[in-house]
Amino acid sequence: MSDWEASSDEDSGAAGRPPFSVAAAPLLWQPPVAPSRSHASAEDGRGRRGSEKWREAAAGSLQGEEWEPRGAGGSWGSVEVAGQWPPRAAAAAVRHARDPAAPLCLHLDSALVGALIDRGGAKIRELEESSGARIQVLKGTYEAEVKIFGSITVQNKAKMLIEDTVTRLGQNYIRGGTEKAKHLDLIKPENTLQKSVINWASIRENKARYEAMKWADLPPVEKNFYKESSRTASMSQEEVELWRKENNNIICNDLKEGEKRCIPNPVCKFEDVFEHYPDVMANIRKAGFEKPTPIQSQAWPIILQGIDLIGIAQTGTGKTLAYLMPGFIHLDSQPIPRDQRGGPGMLVLAPTRELALQVEAECSKYTYKGIKSICIYGGGDRKGQINEVTKGVDIVIATPGRLNDLQMNSFINLKSITYLVLDEADRMLDMGFEPQIMKILIDVRPDRQTVMTSATWPDGVRRLAKSYLKNPMIVYVGTLDLAAVDTVKQRVVVIPEEEKRTFTRYFIDSMKPKDKVIIFVGKKLTADDLASDFGLQGIPVQSLHGNREQCDREQALDDFKKGRVRILIATDLASRGLDVHDITHVFNFDFPRNIEEYIHRVGRTGRAGRTGEAVTLVTKNDWRVASELIDILERANQAVPNELISMAERYKQFQLKKEIERDVRRPQRRPPKEL
Ligand code: AMP
């Protein structure tokens with residue numbers, strides 16, 4: 001299938017679900033004055049915000065006692081609803097009939113609800129004041145539900161005012177006059193029950209109608225800005241292949257189904273790709289870069305042609321500039337001027353605050369035609385971020401949780417995004433951000449250009465790519481295999497748990513003045529504990545983990561980057577993405593959860609042409625990973641300690657014994673009776 005996005009909708013059953021199932025009713029809006037909301041924005045350790053939990057609870061309540069029955073002649077979009085859907089609707093209906101103060105529920109098309117909830121809820125407050133009712137809006141994918149609280153009189157008054165507001169909007173919304181607006185089923189009051197028949201064809205039709213309406217007013221997107229230089233065009237196939245082999249063994253593929261397109265030749269010099277963009281060239285000269293990195297050479301001609309790209313590359317490969325430079329050109333070359341698009345044009349989603357800030361720092365190093373960027377992340381100053389966004393920016397770099405918060409509260413318009421980047425997609429999946437990404441992308445136009453980067457290419461990332469990219473090309477650069485990293489010397493020390501601290505102190509004492517080390521630990525508590533231990537011993541250290549305040553995390557990283565401290569004690573928060581060139585040592589105080597994380601950690605050193613050393617403490621508790629570790633060490637021609645080999649053997653024996661015991665315990669099958 002060529003249209004992956006459409007297929008993913010089908011697959012996920014999104015089109016086939018009633019718009020107000022819990023999964024499809026993610027957006028709950030209330031006027032910001034509501035007191036319980038103001039303090040619900042902090043992210044917890046896993047990137048889930050307080051408001052997120054509150055919202056989930058609210059979504060959950062849609063199935064509970066608070067539900068109002070769907071009314072006669074009413075529907076959920078085009079879903080013909082029954083007394084049994086939602087399951088407790090019948091009970092709620094009875095309650096509604098007896099209790100005059102039960103909320104009155106109206107349904108209207110999501111596209112029209114903007115009139116009620118924009119300007120931070122000023123309109124709702126106005127309606128509340130005029131009617132005396134309290135109004136709550138639940139924004140769903142296709143429909144919004146409006147609940148009106150108060151006496152029957154004020155409910156009716158509020159309903160009339162809402163109808164009036166929305167009808168006026170409906171007439172404005174449909175270009176070409178009011179005729180079509182009349183056919184729009186704007187408001188569907190709920191009064192009585194209906195039988196349970198779900199009209200799926202109608203749901204699909206309605207979805208298509210809604211989609212068409214949602215994107216109808218948007219200007220066209222320009223995507224192709226590539227002018228191949230004569231030098232690039234004249235490369236022979238052999239030259240191209242040799243060049244790719246010699247540049248981190250680049251592998252490219254066209255993932256479009258059906259007839260494959262020609263993969264553009266790599267660009268060997270900056271001029272080959274940016275000679276028509278002098279401002280980009282000026283930035284590159286200012287940065288002093290000599291030549292494009294492998295990912296840049298192959299990604300730029302693909303992205304600049306307007307093709308979606310998956311870049312399998314780690315931090316440190318120059319992947320940020322690989323998507324930023326074409327992004328600048330894309331933003332500035334759209335038919336509608338930037339300040340008239342009603343919102344940002346480029347969105348970069350990043351998994352952690354650190355990475356988001358790092359991308360923002362990289363982005364603001366370059367000046368391109370006055371393009372403004374902002375970083376939106378949980379733990380940062382929410383009010384300040386809202387102020388910046390509403391003033392107008394071109395590029396938003398965000399962690400999914402906080403962006404989803406601002407989107408849900410209508411502080412940011414994502415419909416203007418035409419260039420989307422999903423940075424470190426594998427990490428975003430590991431951190432459980434997929435639901436937030438899904439919600440965010442509902443509001444991003446489907447005909448955008450999308451670039452995705454990932455250090456690995458597991459099934460989850462493939463699925464994400466299939467859902468959100470269209471006919472992409474893929475470029476693999478380098479490899480996660482440490483056999484290829486001959487710049488890092490790996491040393492493994494098998495040691496009893498209780499001697500780890502003494503050994504670490506010995507290691508620190510033997511550090512040279514120019515050495516810089518990240519000490520990786522398994523738990524936040526251990527990080528704090530070690531940091532305070534060393535602090536008491538007069539050793540300057542910083543620590544980085546998810547329980548620290550955002551400002552402390554930023555300070556720790558800055559101190560380490562700038563060399564004010566030369567020892568950073570960190571959890572795996574720092575194992576990927578951090579770009580500090582001069583780390584000479586990685587010290588694994590605790591062995592990581594898995595071997596992939598070990599590879600990521602070790603990759604923090606030996607960067608940008610330098611050499612590095614990784615020291616790893618292994619205790620008998622780590623015996624599970626011993627054989628995988630041996631494999632990595634051998635492939636990278638590193639010394640393998642005998643204790644590690646015997647540890648791996650002991651674990652193998654242990655597994656074998658367990659298997660035999662299991663077999664013995666398993667009931668023996670009787671031989672079949674002879675006939
Ligand atoms: P990234 O992989 O995006 O985290 O980039 C790692 C570092 O490489 C950043 O500090 C960039 O400024 C730097 N960088 C990006 N492109 C180049 C290049 N062509 N030559 C040298 N350094 C670069």
Side-chain angles (χ1 to χ4, degrees), residues 243 246-248 250 266-275 277 280-301 303-304 309-329 346 348-368 373 375 395 397 421-428 451-456 475-480 484-485 487 516 518 557-558 560-563 573-583 599-600 603-610 612:
W243 187 92
E246 286 173 351
N247 281 271
N248 282 34
I250 292 181
V267 290
C268 305
K269 297 193 167 182
F270 292 115
E271 292 77 6
D272 288 340
V273 59
F274 297 127
E275 64 175 330
Y277 301 97
V280 173
M281 280 309 300
N283 272 306
I284 286 168
R285 278 194 208 101
K286 204 170 111 200
F289 299 146
E290 279 172 24
K291 61 179 177 115
T293 64
I295 181 78
Q296 292 166 355
S297 312
Q298 195 57 77
W300 279 335
I303 303 177
L304 278 170
L309 177 88
I310 302 162
I312 306 298
Q314 297 179 51
T315 299
T317 53
K319 69 178 169 65
T320 316
L321 273 200
Y323 62 72
L324 275 184
M325 289 304 181
F328 289 158
I329 294 170
M346 173 169 168
V348 181
L349 284 178
T352 60
R353 304 163 194 185
E354 279 71 20
L355 183 66
L357 285 166
Q358 196 169 286
V359 173
E360 150 73 356
E362 187 75 0
C363 187
S364 48
K365 266 193 225 163
Y366 309 99
T367 43
Y368 191 77
S373 60
C375 190
I395 302 178
I397 300 150
V421 180
L422 302 172
D423 205 358
E424 298 211 354
D426 50 350
R427 193 87 200 272
M428 286 204 271
V451 177
M452 186 171 100
T453 79
S454 179
T456 53
V475 175
Y476 303 81
V477 210
T479 158
L480 268 182
V485 184
T487 51
K516 208 182 228 191
I518 300 194
L557 206 54
D558 199 53
F560 186 60
K561 274 188 176 168
K562 303 214 167 112
L573 189 73
S575 73
R576 296 195 217 177
L578 287 194
D579 176 40
V580 183
H581 293 293
D582 55 349
I583 296 172
I599 294 169
H600 284 296
R604 294 308 94 208
T605 183
R607 294 157 74 81
R610 294 179 169 88

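Everything quoted here is computed from the prediction, not taken from an experiment. One-based numbering, in listed order, for ligands and for the atoms of each.
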Atoms of ligand 1, numbered as shown, that sit under 4.0 Å from any heavy atom of Phe270 = 19 (N)
By ring pair (Phe, Tyr, Trp, His ring centres under 6.0 Å), which residues pair with Phe560, not counting sequence neighbours?
-> none
With under 30° as parallel and over 60° as perpendicular, where do the rings of Phe274 and Trp300 fit, or are they tilted in between?
-> perpendicular
Check whether any heavy atom of His581 sits under 4.0 Å from an atom of ligand 1.
-> yes
Contacts of type salt bridge (Lys or Arg N to Asp or Glu O under 4.0 Å), residue Glu275, not counting sequence neighbours = none
Minimum heavy-atom distance Ile303-Tyr323, with the two atoms named = CD1-CA, 4.3 Å
Got an N/O contact under 3.5 Å between Lys319 and ligand 1?
-> yes
Numbered atoms of ligand 1 (with element) below 4.0 Å of Thr293, judged on heavy atoms = 17 (C), 18 (C), 19 (N)
Counting from 1, what ligand 1 atoms have a heavy atom of Thr320 closer than 4.0 Å?
-> 1 (P), 3 (O), 4 (O)
Derivation and outcome, side chain to side chain contact (heavy atoms under 4.5 Å, CB included), residues Thr352 and Arg427 = CA-CA 9 Å; Thr352 60; Arg427 193 87 200 272; 4.2 Å; yes
Can you list the ligand 1 atoms lying under 4.0 Å from a non-hydrogen atom of Lys365?
-> 12 (O)
Any heavy atom of Tyr323 under 4.0 Å from ligand 1? The part involved is neither
With only distance considered, is Glu290 within less than 3.5 Å of ligand 1 through an N or O on each side?
-> no
What are the two closest non-hydrogen atoms of Ile295 and Thr317, and how far apart are they?
-> CG2-O, 3.2 Å
